[in-house]
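Residue numbers begin at 1 in each chain, while the letters A, B, ... track the order of the sequences.
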Amino acid sequence: MEKFLVDIFGSEITAYIIIAIIPLIFIVPYALFAVWLERKVSAHMQDRLGPMYTGGWHGWAQTIADIIKLLQKEDIVPAAADKKLHLLAPYIVFIGSYAAFAAIPFSSEYIGSHLNLGIFYIIAVSSLVVVGLLMAGWSSNNKWSLFGAMRSAAQIVSYEIPTALSLLAVVMIAGTLNLQEINKMQSGWFWNWFIFSKFPFVFIAFLIYFVASLAEVNRTPFDIPEAESELVAGYHTEYTGMKFAMFFLAEYANMFAVSAIASAVFLGGWNSPFGDFMSGPIWGVFWFVAKGMFFIFVQMWLRWTLPRTRVDQLMYVSWKVLTPFAFFCIFAIGIWLML
Amino acid sequence: MQLMDLIFYFFAVLIVISAGVVVFSKNIVYSAFALLFTFFGVAAIYVLLTADFLAVTQLLIYVGGILVLMLFGVMLTHKLISVDIKAKPLKLLPASIITAMIAGTLIGIFSTTQWKTEVNFDANQLRTTTDIIGKSFMTTYLLPFEVASVVLLVALVGAALLARREKTKNKV
């Protein structure tokens with residue numbers, strides 16, 4: 001892919017800028033689609049229809065209309081807010097979630113950067129999001145915003161530990177942190193996927209990862225940072241127009257990022273489930289996005305099925321359930337690998 | 001390597017300016033947020049020195065851990081409990097002695113280290129540093145590694161002890 005682009009444009013810098021922009025070209029239509037999907041999924045779960053008019057067929061153009069409306073909105077900055085930080089926060093949040101896409105392999109031919117530290121880099125760089133959220137909460141000068149940001153940061157920091165540990169279980173089997181390498185090891189039929197290796201320990205690690213990733217992206221049942229019944233809208237209460245859209249985009253980008261990691265690490269990433277059937281670089285994109293979208297659907301499904309947890313239950317799940325089980329998985333897989 | 005020089009100077013200027021904000025800002029929250037850019041710039045310099053593992057660890061530990069904890073501390077005390085935190089110079093003499101000592105050490109290290117001035121983009125040379133670091137932790141540097149983990153464990157126990165609810169003497 002890099003060589004091809006360098007040949008076309010004759011300059012490395014142009015080629016790399018294009019490689020860096022490709023995930024953005026994916027994220028924006030994806031986010032529009034996912035917001036529409038979320039509305040339709042929630043509506044059907046509650047025995048409603050959801051948006052039906054805009055665009056004709058099942059209201060498919062509803063989110064496009066929404067984003068045009070958001071673009072026209074007045075940008076309101078509260079008088080008592082800290083203007084500089086209030087302006088900067090949405091961008092830091094989005095940079096943090098977009099930077100993770102640099103190491104996500106969309107296909108055997110396309111990955112933003114051939115990082116040897118792939119997974120480790122993604123875990124590290126997503127901590128920028130936490131700083132951005134704290135910045136948004138503090139600068140809004142609003143108690144709801146601040147409480148939302150505090151809850152969100154506490155939650156993400158705690159759940160980073162089970163996330164990292166459950167990914168470590170696979171890294172131990174693969175012997176590399178490079179996501180492209182991890183994907184190559186899972187080629188062939190679906191029983192070569194890491195989720196089925198060292199059964200059932202990697203499967204447990206996968207469940208731990210999935211639960212922890214729900215908390216990392218503030219999705220129900222762990223959406224207490226934006227619990228609308230207590231906190232209005234959490235850290236983005238005071239944001240309007242495009243800045244609010246930025247938070248929304250970052251949230252949906254994050255949802256895809258965690259789903260993409262789940263599919264790349266545990267479910268074979270861009271590999272076709274059926275050996276050589278429908279495999280190749282282009283089909284790779286299809287399989288990768290399909291697996292990612294499946295997890296997004298599961299996230300929506302859970303959101304409209306489960307009630308919200310309390311703060312203490314949240315911390316209990318992270319520290320007393322997920323973390324010990326993740327350690328147990330690592331221990332068991334380590335012994336299995338030694339034998 | 002014109003481009004690499006440009007990138008280096010960009011991050012160097014970013015580090016110096018943000019570190020200046022950290023030190024001179026009257027608002028302690030600005031200081032804490034400016035640290036984000038300092039840490040990020042230092043991580044970028046590590047990347048330019050081809051220390052990829054160190055760069056990512058820098059982000060994970062300093063931005064994800066230490067900075068978030070500092071922000072927590074500052075915000076909880078500053079906004080929620082409204083304690084006045086003042087940012088002004090205190091105890092100038094001992095502070096300048098310690099600063100001079102640290103500066104002397106750093107300048108000493110800076111002048112004696114053999115710096116990599118040219119980034120060599122040979123694919124064979126840019127191999128992953130993770131396994132080398134892991135092996136040396138488990139062989140040559142096993143003792144320091146274990147001692148560091150014991151220190152961290154002690155810190156954890158200490159934090160738990162401090163945060164624990166104290167037993168009241170006269171039970172109600």
If the test is side chain to side chain contact (heavy atoms under 4.5 Å, CB included), which one of Asp131(B), Thr130(B), Val56(B) qualifies with Leu177(A)?
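Exactly one candidate clears the test, Thr130(B).
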Yes or no on side chain to side chain contact (heavy atoms under 4.5 Å, CB included) for Val29(B) and Asp82(A), after CA distance, side-chain angles and deciding distance?
CA-CA 11 Å; Val29(B) 178; Asp82(A) 192 317; over 6 Å; no
Counting only non-hydrogen atoms closer than 4.5 Å, does Leu88(A) touch chain B with its backbone (N, CA, C, O), its side chain (CB onward), both, or neither?
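Leu88(A) touches chain B through side-chain heavy atoms alone.
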Checking heavy atoms, do the side chain of Ala154(A), its backbone, both or neither come under 4.5 Å from chain B?
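The answer is both parts of Ala154(A).
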State whether the number of non-hydrogen atoms from other residues, nucleotides or ligands found under 6.0 Å of [X] atom [atom1] is greater than 12.
{"X": "Lys83(A)", "atom1": "NZ", "value": "yes"}
{"X": "Phe53(B)", "atom1": "CZ", "value": "yes"}
{"X": "Tyr30(B)", "atom1": "OH", "value": "yes"}

Among the options Thr176(A), Val157(A), Val125(A), Leu134(A), pick out the one with the most heavy-atom pairs lying under 4.5 Å from chain B.
Leu134(A)
From CZ (Phe39(B)) to CG (Leu128(A)), nearest 0.5 Å
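Going from the CZ atom of Phe39(B) to the CG atom of Leu128(A) covers 12.5 Å.
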So, taking the atom named OG in Ser127(A) and the one named CD1 in Ile66(B), what distance separates them when rounded to the nearest 0.5 Å?
11.5 Å
Report which part of Phe72(B) has an atom under 4.5 Å of a heavy atom belonging to chain A: side chain, backbone, both, or neither.
both
If you apply the rule side chain to side chain contact (heavy atoms under 4.5 Å, CB included), what do you find for Leu60(B) with Phe120(A), and how did you get there?
CA-CA 9 Å; Leu60(B) 187 71; Phe120(A) 189 44; 3.6 Å; yes
Using a cut-off of under 4.5 Å on heavy-atom pairs, state which of Leu67(B), Thr57(B), Leu69(B) scores highest against chain A.
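Of the options given, most contacts go to Thr57(B).
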